Structures are given as structure tokens and as C-alpha cells.
Amino acid sequence: MTEKSTEEKINRAVLAGLSAYCLGAEENATESSMEELSALLETAGGVSVGMALQNRDAPDPRTFIGEGKLEEIRALVEAEEADMVIFDNSLSPSQQRVLTEELGVQVLDRSALILDIFAQRARTREGRLQVELAQYKYLLPRLTGMWGHLVRQTASGGKSPIGTRGPGETQLETDRRHIRKKIAKLEEDLTQVRRVRATQRERRIKNEVPVVAIVGYTNAGKSTLLNALTGADIPANNRLFDTLDTTTRTLEISDTCTVLLSDTVGFIAKLPHHLVEAFKATLEELTFADLVLHVIDASNPEWRSQAAVVEKLISELGAAETPRIDVFNKSDLYAGDIMPHGEEIVSISAKTGRGLDRLLEMIGARLDNGAHKVTLHLPYDRGGVLDMLYREARVEAVKYADTIEITAVCTPKILGQVSDYIV
């Protein structure tokens, strides 16, 4: 008896892209973006077996890449026994439908591939809600193609076959209504997530705990940096979108400065706008952060364009005015002559620990509110002062003896109110 193979089939994909004069720089496919698409495919569990990059004045309205290149890709699919074609550009629903019919294999665009990766990696309930919402928004305009088999015209050019018109339209509308209801429910659930986050933020503000958000291009080393600074043990592998769910850890900068350090999802060029919208529940933390650490992969030759992508998304999320430190990571692998430098720049290697002390100094300098740790002795008839300290300062210890002995971290404003009781 032969053992049934338990190995999952690995998708073999031909990668395709278009560079057109009428498209913007972000919409065009380049050799660099195609290499990144190949890395995304590998992250999703597939393998690239061929690549086709087309140059045209403008996209073909029907096939996007034109009949000649379409024939070339069809031959490549057959020769390499590929089971899908993935485009680096965004395809309209009609173009995706035509290409699938013409090539005889599944056709995806970059957005669909990223959504698939996010669906694989999301672990928390919040992350799954966000991915599901983005997937439904992506799916809604593409439903017509899924019901194309019910509305195809006959070979003679007549109307759709008898018995297929009504049911096809009915089912299509039913599916659309169902998906719209799902989208509304998911948006409602995410609104609730934001309410919970707002409550948590209010508590942090009340306790005067600063928030430092780590942002950057995917695979820039954000999770490795969080692990190095806080001792967290979150996965930090050398692959795109390895971390999707926000992780927050406490980081003690000094005796008087403790912050919350949050690792956010990585950014990428051509990020599906549905995902930007869906992930606002997580990324809105940037808006409320006291400091942003923009982690840049110094070893990547494309670091300037990657940094520009992150800068644009930070602005879209309303965090352009938040104080920021540019953290050039993987500096030990930098191939240039002179590392970028400046007052708001630090070079580090999160893997080796190089430059981390300097980074901590810079964080402390920007978040230092002049607080001091003090010990106070309160008479019992001044217990109201202890209540005020619980509200306005960070009380670390309380001992009851002849007096109430309190160890607390106080801002200059609070110190002025309790100076008579400081030992």
C-alpha cells in the first residue's frame, strides 16, 4: 500500500509586470519591484518559474499588457507548467477576468498576493478582522467574474442561455448583499477595537507613560530591534511581513523614564489601499505616539525609495508632525562610503547590538520630562497627598511606619507640591 504524500503542492508562478509612460512611478513595474514580488511569492509559499516585464506607452484596456506579450506569457506558462500568473501592477476586475480566461490559469495581482500573505500571518482577533475586511473589499467588485459562467453569450452572438439569466443575477446580487453585510459587521467590530484602544491610551496618558512606535519597510529589522531593546521573544525571521500583529513591550530607559515600545506591521510599496484602511485600527497608534523610530535597512540599495514609501504612509496616517528618529539598521552590512548621519539619525545593528546605547540615549533625551525619583515621608493626616501622587505621579512603593514612606517618580510640577515631604 502506497503512502499518501502529505506534502502540500507548491504553486509555480510566472511573474509579469508593465512599465508604461502614462503610469506614475509607484504604479509601474521595475526590475527591483519584480524582485520584491518574487520575495513576496516566496513568503506566500510559492516559487517563481519565469518573469516577463513589458514596456508600453499605455496599458491595453482589455489585456493590460497587449496581445503579443500575452502570447509570450502563455508560452512561458505552458513550458514551465505554471499554475498561476502574478502581476506586479494592480489589475481591474475585467482585466483579471480576461487574463484568467486567455491564460487558462489563475491570475492574481500584487494586492491579492499581499492579502493572501496577511491572511496566513494574522494571529490576533484584531489582525484577522482587519485582513478579512480588506479581502471582502477587494472581492466585492470581482464577483461578476465569478458568476461569468452563468451569463456568457452563445456562440451565435445571442443572449445568455435560457435558464441562466435570472438565477445568475439573483445569486450575484445575493452574494453582493451578503458581502456588504459582512463588511458593515467587520467595520463595526473594528470600531469597537478602536474604542478599547482609546481607553488603553487614556490610561497610559493618565499614568504619563510615553509611547514609542517602531515603523519601517517590511524586513527592515523592526522586530529584531524590539527583541534587542526589551528582551521580547517575538519571531524575527529574514522574510517579508513576518510580523503582522502589533506587539508592545515596556522599556526602561532610566530610573525616571519608562516607555511603551510598539512594533507595528511593516510597510511596502503598492500596499493595497484596502489594507491601509483596514489597518488604521492598529496604525493609528502612530498618531498618538510620543516618538516614532523609523527603522531603515541600510544594507538595501533601495533604502531611499523604501524610506520614501514609509514617509508617505506616515503622513497619510496623520503622524507627520510626531517627533522622529531615523534608525539606520544593519549598518554592519552597509556597502556605501559614508553612513547617513545627523542630529535625528543613529546607525545601529539590532542583530549585533552595535549603536543601541546611543539609540537609548537619544530616546531618553527626547522623552525626558525632568522627572525625578524621590522618597517622601507623609504624616498620616496628609493622606490626601498620597491620593494625588497615585493620580499624577508613578508610585513605586509605599511603606506604613511612623509615617507613610513613598517612593515615586514625579515631574517638576508635582515635586513643587510635595517638596516639604522629600527626604
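What you are looking at is a predicted structure, and each value in this text was computed from that prediction instead of being measured. Basis for what follows: all heavy atoms, side chains included, without hydrogens, waters or symmetry-related copies.
Distance check: E78 CD to L103 CG gives 9.5 Å after rounding to the nearest 0.5 Å. Atom CD1 of I348 sits about 7.0 Å away from atom CG of L229, to the nearest 0.5 Å. Distance check, rounded to the nearest 0.5 Å: CD of Q106 to CG of L99 gives 12.5 Å. In this structure, the separation between CG on L140 and CD1 on I183 is 5.0 Å, given to the nearest 0.5 Å. Here the OH-CG distance, from Y334 to D297, works out to 12.0 Å after rounding to the nearest 0.5 Å. Here the CG-CZ distance, from L139 to R176, works out to 11.0 Å after rounding to the nearest 0.5 Å.
By the 4.5 Å heavy-atom criterion applied to side chains, V259 and L367 are counted as neighbours. The side-chain heavy atoms of P59 and L18, taken from C-beta on, include a pair separated by under 4.5 Å. For the pair L226 and K222, the minimum side-chain heavy-atom distance is 4.5 Å or more. Using a 4.5 Å heavy-atom cutoff, the side chains of I363 and L293 are in contact. Residues V215 and L313 form no side-chain contact, since every pair of their non-hydrogen atoms from C-beta on lies 4.5 Å or further apart. Residues L359 and V327 are in side-chain contact: their nearest non-hydrogen atoms beyond the backbone lie under 4.5 Å apart. Looking at heavy atoms from C-beta onward, S19 lies out of side-chain contact with T30 at the 4.5 angstrom threshold. At a threshold of 4.5 Å between non-hydrogen side-chain atoms, the residues Q417 and I414 count as touching.
Of the listed residues (V14, L41, D109), just one forms a side-chain contact (heavy atoms from CB on, under 4.5 Å) with I86, and that residue is L41. The residue from H294, R324, R366 that alone fulfils the side-chain hydrogen bond (donor to acceptor under 3.5 Å, both in side chains) condition with E344 is R366. Among D116, L15, I114, the one residue that satisfies the side-chain contact (heavy atoms from CB on, under 4.5 Å) test with L40 is I114.
Minimum interatomic distance between I65 and R56 (heavy atoms only, all atoms of both residues): O-CD, 3.5 Å. Of all heavy-atom pairs between K330 and A220, the closest is CE-O, 3.7 Å. Annotation for A307 and I296: closest pair CB-CD1, 4.3 Å, computed over non-hydrogen atoms. The two residues N89 and F64 make their nearest non-hydrogen contact at CB-CZ, 3.5 Å. Between A20 and A58, the shortest heavy-atom contact is CB-CA, 4.0 Å. Minimum interatomic distance between N28 and D88 (heavy atoms only, all atoms of both residues): O-OD2, 4.4 Å.
Summarising the local packing, CD of E31 is surrounded by 12 or fewer heavy atoms from other residues, nucleotides or ligands at distances under 6.0 Å. In this structure, E42 places its CD atom where only 12 or fewer heavy-atom neighbours from other residues, nucleotides or ligands lie under 6.0 Å away. Enclosure of atom CD in E80 by more than 12 non-hydrogen atoms of other residues, nucleotides or ligands within 6.0 angstrom is indicated.
Taking 4.0 Å as the cut-off between side-chain N and carboxylate O, D387 and R391 do not count as a salt-bridged pair. K413 has no carboxylate O lying under 4.0 Å from a charged side-chain N of E392, or vice versa, which leaves the two without a salt bridge.
Between the E26 side chain and the A269 main chain, no donor and acceptor come within less than 3.5 Å of each other. No donor-acceptor pair closer than 3.5 Å links the side chain of N11 to the backbone N or O of G46. A donor-acceptor pair under 3.5 Å is absent between the side-chain atoms of Q306 and the main chain of Y217, judged by distance alone. No donor-acceptor pair under 3.5 Å is formed between the side chain of S33 and the backbone N or O of A29. Side chain of S38 to backbone of M34: no donor-acceptor contact under 3.5 angstrom is found. For the pair S262 (side chain) and T248 (backbone), a donor-acceptor distance under 3.5 Å is absent.
For K182, the salt bridge (charged side-chain N to carboxylate O under 4.0 Å, His left out) test picks out E132, with sequence neighbours left out.
Side chains of S94 and S92: a donor on one and an acceptor on the other come within 3.5 Å. In the model, T352 has no side-chain atom that pairs as donor or acceptor with a side-chain atom of D332 under 3.5 Å.
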Would you check, one step at a time, whether the test salt bridge (Lys or Arg N to Asp or Glu O under 4.0 Å) holds for K185 with E188?
CA-CA 5 Å; K185 179 66 168 63; E188 183 182 326; 5.6 Å; no

Before giving the answer on side chain to side chain contact (heavy atoms under 4.5 Å, CB included), spell out for L225 and L261 the whole-Å C-alpha distance, their side-chain angles and the decisive distance to 0.1 Å.
CA-CA 10 Å; L225 176 60; L261 194 62; 5.9 Å; no

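Sorted by first and then second residue, the salt bridge (Lys or Arg N to Asp or Glu O under 4.0 Å) pairs with a member in residues 59-70 read R62-E67, R62-E102, K69-E72; sequence neighbours excluded.
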